[in-house]
Amino acid sequence: MSKKMYGELHVEKMSESRRKSRVCLIYTGGTIGMVESDSSVSGSPRLRPATLVELMKAVPKLGKKEGIELGMVSFTRPVDSSDVLAKHWIEIGKAIEEHYEEFDGFVVLHGTDTMAFTASGLSFILNNLDKPVVITGSQLPIAHPRTDALANLTSAIYIAGHEAVGLPLIPEVVLCFADLILRGNRATKVSSAQWQGFESPNFPPLGRIGEHIKIRKDLCMSPNRRKFFVDKTLAGDVKVIPVNPGTTPQQLERDLKTTGIDGVILQTYGTGNMQTSPEFIETIWEAAKGGEDYDRRIPILNVTQCLEGTVEMGLYEASSGLLEAGVISGLDLTHEAAYGKIVWAIAKFKDSENLRNQLQFNQRGEQSENLHELSWRPEESTQAGAGDHIFASGKNIPGGFVSEDLKSAHIRIQKLKVEILDKSKAHSVRIFINNPNADEESSINEVNAVCEFVEGELSELGNIVRDATKVAETVINANNPVSVKLVAVNAKIYCRSIILSLYTAAN
Ligand code: ASP
C-alpha cells in the first residue's frame with residue numbers, strides 16, 4: 001500500500017501561448033474509468049478500471065483544442081465508489097491543496113453511487129474556495145460505444161477551465177452530470193439507469209448543459225479570497241437510523257446506545273416526524289441530553305426521508321417531542337449532505353451547544369435557511385404572583401442573525417397548562433415577545449403581542465405553536481436579547497418549555 005492515497009501528477013503540456021487554463025483531473029475510479037480487458041486472455045470481455053495512462057489517452061484531446069492544459073493525479077488504486085470512505089474525501093482534499101496554486105480548476109472523476117456524498121463532504125472540508133471543483137462520472141464506461149463519459153467529462157473540464165472557454169467562474173464544489181450542473185451538496189442520486197442520474201430537489205440547478213452551457217451566476221457562490229485550506233479531521237462514527245413502521249423503542253435504544261458513537265442522523269417521516277409514544281421520545285431524550293447510560297450528549301440530526309421539503313419540528317405532535325428533547329433540525333438537507341455535514345461539524349465544533357447551532361446554520365449553501373433557535377426551560381423562567389405570568393428572560397440570538405433576512409418565526413410552548421381562577425370572569429392568556437413589562441392591561445393589539453387564547457380555547461391548550469413572523473420582524477434584532485412573556489388574565493399558567501425558532505434566508 002503506497003503511503004500516498006493518490007499517485008503522481010501527470011501533466012499534458014501545451015505551449016504557453018496556447019494555454020489559457022489549467023485543469024487538474026483527480027481520478028478516483030468508478031464506472032467512468034472502466035475499460036475492456038484483453039479478451040484473448042480472459043476469453044470474454046470484462047471491464048476493469050483503466051490505468052492513469054490509459055485514461056489520459058482517452059481524455060486530453062478535449063481540453064487541448066480549447067486551450068486547456070490538463071494535469072492528472074489518481075488514487076493509487078482506483079475504486080468503485082461504494083468503497084469511497086470519508087477518509088478518501090480528505091485524500092482528494094489534500095490532492096487539491098497540494099496543487100491548488102498550479103491549476104485554475106479541478107475535476108474529480110468518481111463513481112456515481114457515492115458521488116453526492118463525496119461532493120457534499122468536499123464542500124465542507126474545502127475552505128475559502130475561489131476555484132471550481134467539479135465532480136463527475138458516468139453511467140457507462142468511457143470505453144463503451146454509447147458512453148456518456150465523454151460528454152460529462154468534457155462539460156466538467158469546460159466548467160473547471162472556465163476562462164479558456166468563456167464561461168463564468170463557479171467557485172464551489174459542483175456535480176456535473178448529463179444536462180445539469182448542480183451544487184454538490186444539494187445533489188442526490190435519483191437513477192442508476194437514466195443519463196440524468198442526479199437532481200437537486202431543494203435547489204435549482206446552477207447551470208444547464210445543452211448546445212450551450214448556461215450558468216446561473218445569480219445562484220453561484222462568490223469566490224472567497226482568503227487562504228484556501230482543507231479540514232483534515234472528520235468524525236469516525238456517525239450512525240444513520242431510519243425510522244419505519246416496524247421500528248420499536250427497544251431497537252431505537254439499542255442503536256443509540258452503540259458504544260463510541262459520535263453522532264446520529266435520524267431519518268424521519270415528512271417534516272421530521274416519528275412515532276409519538278413516550279418510550280420513543282424518552283429514549284431519544286436520554287441520548288440527546290446525555291442521560292445516565294451515555295457518557296455525553298449525542299448530537300441527533302433530524303433529516304426527512306422525503307426527497308423534497310424541509311424538517312420543521314414542532315409543526316405536528318409527532319415531532320414536538322423531538323424538538324423538546326434537543327434533536328437538531330436538518331432542515332432541507334439531502335441525506336448525503338447531512339452525512340457530510342455532521343461528520344465534518346462534529347470534528348470541528350467541540351462545544352455541544354455550538355455544534356447544535358452550527359448544524360442548524362447554513363455553512364456552504366447546503367440548505368435554504370438558517371435556523372436560529374432560542375429555548376427556555378421552566379427553571380429559566382420566573383413565575384411571579386399566583387403563576388399569572390411566565391417570563392422567559394432575555395437571551396442572545398445565536399449566529400449572525402440578520403433581521404432583513406428573516407423569513408419566518410414560530411413560537412412553541414410545550415405543555416401549557418391553564419388553571420382558571422374564576423370562571424364567571426373574563427379569562428385569557430396572551431403571548432408577548434420583547435415586552436418584559438407586559439401585564440393584564442397590555443393589549444393584544446400591541447406590536448409585541450403574538451397571540452391570545454380566550455375562554456373556551458384555554459382548556460384545549462397543551463403543545464401550541466404560533467406564527468410569530470410579524471412580531472419578530474418588528475421587535476427582534478441582532479443587537480438585543482430576546483425575551484418572551486406569557487400573561488394570564490384571571491388564571492394561573494404553567495408550561496414546560498418555550499422555543500422560539502427564527503428562520504433566515506441562507507445567503
Ligand atoms: N458502482 C459504480 C461506482 O459508483 C457505479 C458508477 O460509477 O456509476 O463506482
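Indexing begins at 1, ligand by ligand and atom by atom, following the structure's order. The first residue in the sequence is number 1, and the count goes up from there. For the numbers below, each heavy atom of this structure counts, side chains included, while hydrogens, waters and symmetry mates do not.
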Is the NZ or CZ atom of Lys131 both under 6.0 Å from the centre of the six-membered ring of Tyr100 and within 45° of that ring's axis?
yes
Can you check which of Asp113, Val79, Leu140 brings a heavy atom nearest to atom 2 (C) of ligand 1?
Asp113
Does the separation of the ring centres of His372 and Tyr503 fall below 6.0 angstrom?
no
Using ring centroids (six-membered ring only for Trp), state whether Phe75 and His88 fall under 6.0 Å.
yes
Would you mind checking which non-hydrogen protein atom is closest to atom 5 (C) of ligand 1, with the distance to 0.1 Å?
Thr31 OG1, 3.4 Å
Is there a polar contact between ligand 1 and Asp80, counting only N or O atoms under 3.5 Å apart?
yes
Indicate, as side chain, backbone, both or neither, the part of Ser192 found under 4.0 angstrom from ligand 1 when only non-hydrogen atoms are considered.
neither
Please determine if Arg297 and Glu286 form a salt bridge, counting it only when a charged side-chain N lies under 4.0 Å from a carboxylate O.
no
To check your reading of the model: name the closest protein heavy atom to atom 4 (O) of ligand 1, its residue, and the distance in Å.
Ser81 OG, 2.5 Å
Any salt bridge linking Glu91 with Lys94? Criterion: basic side-chain nitrogen under 4.0 Å from a carboxylate oxygen.
yes
Please state which protein non-hydrogen atom is closest to atom 8 (O) of ligand 1 and give its distance, to 0.1 Å?
Thr112 OG1, 2.4 Å
Looking at Trp285 versus Phe280, is the centre-to-centre ring distance below 6.0 Å?
no
Below 4.0 angstrom from a heavy atom of Ser138, which ligand 1 atoms are there? Numbered from 1 as shown, please.
8 (O)
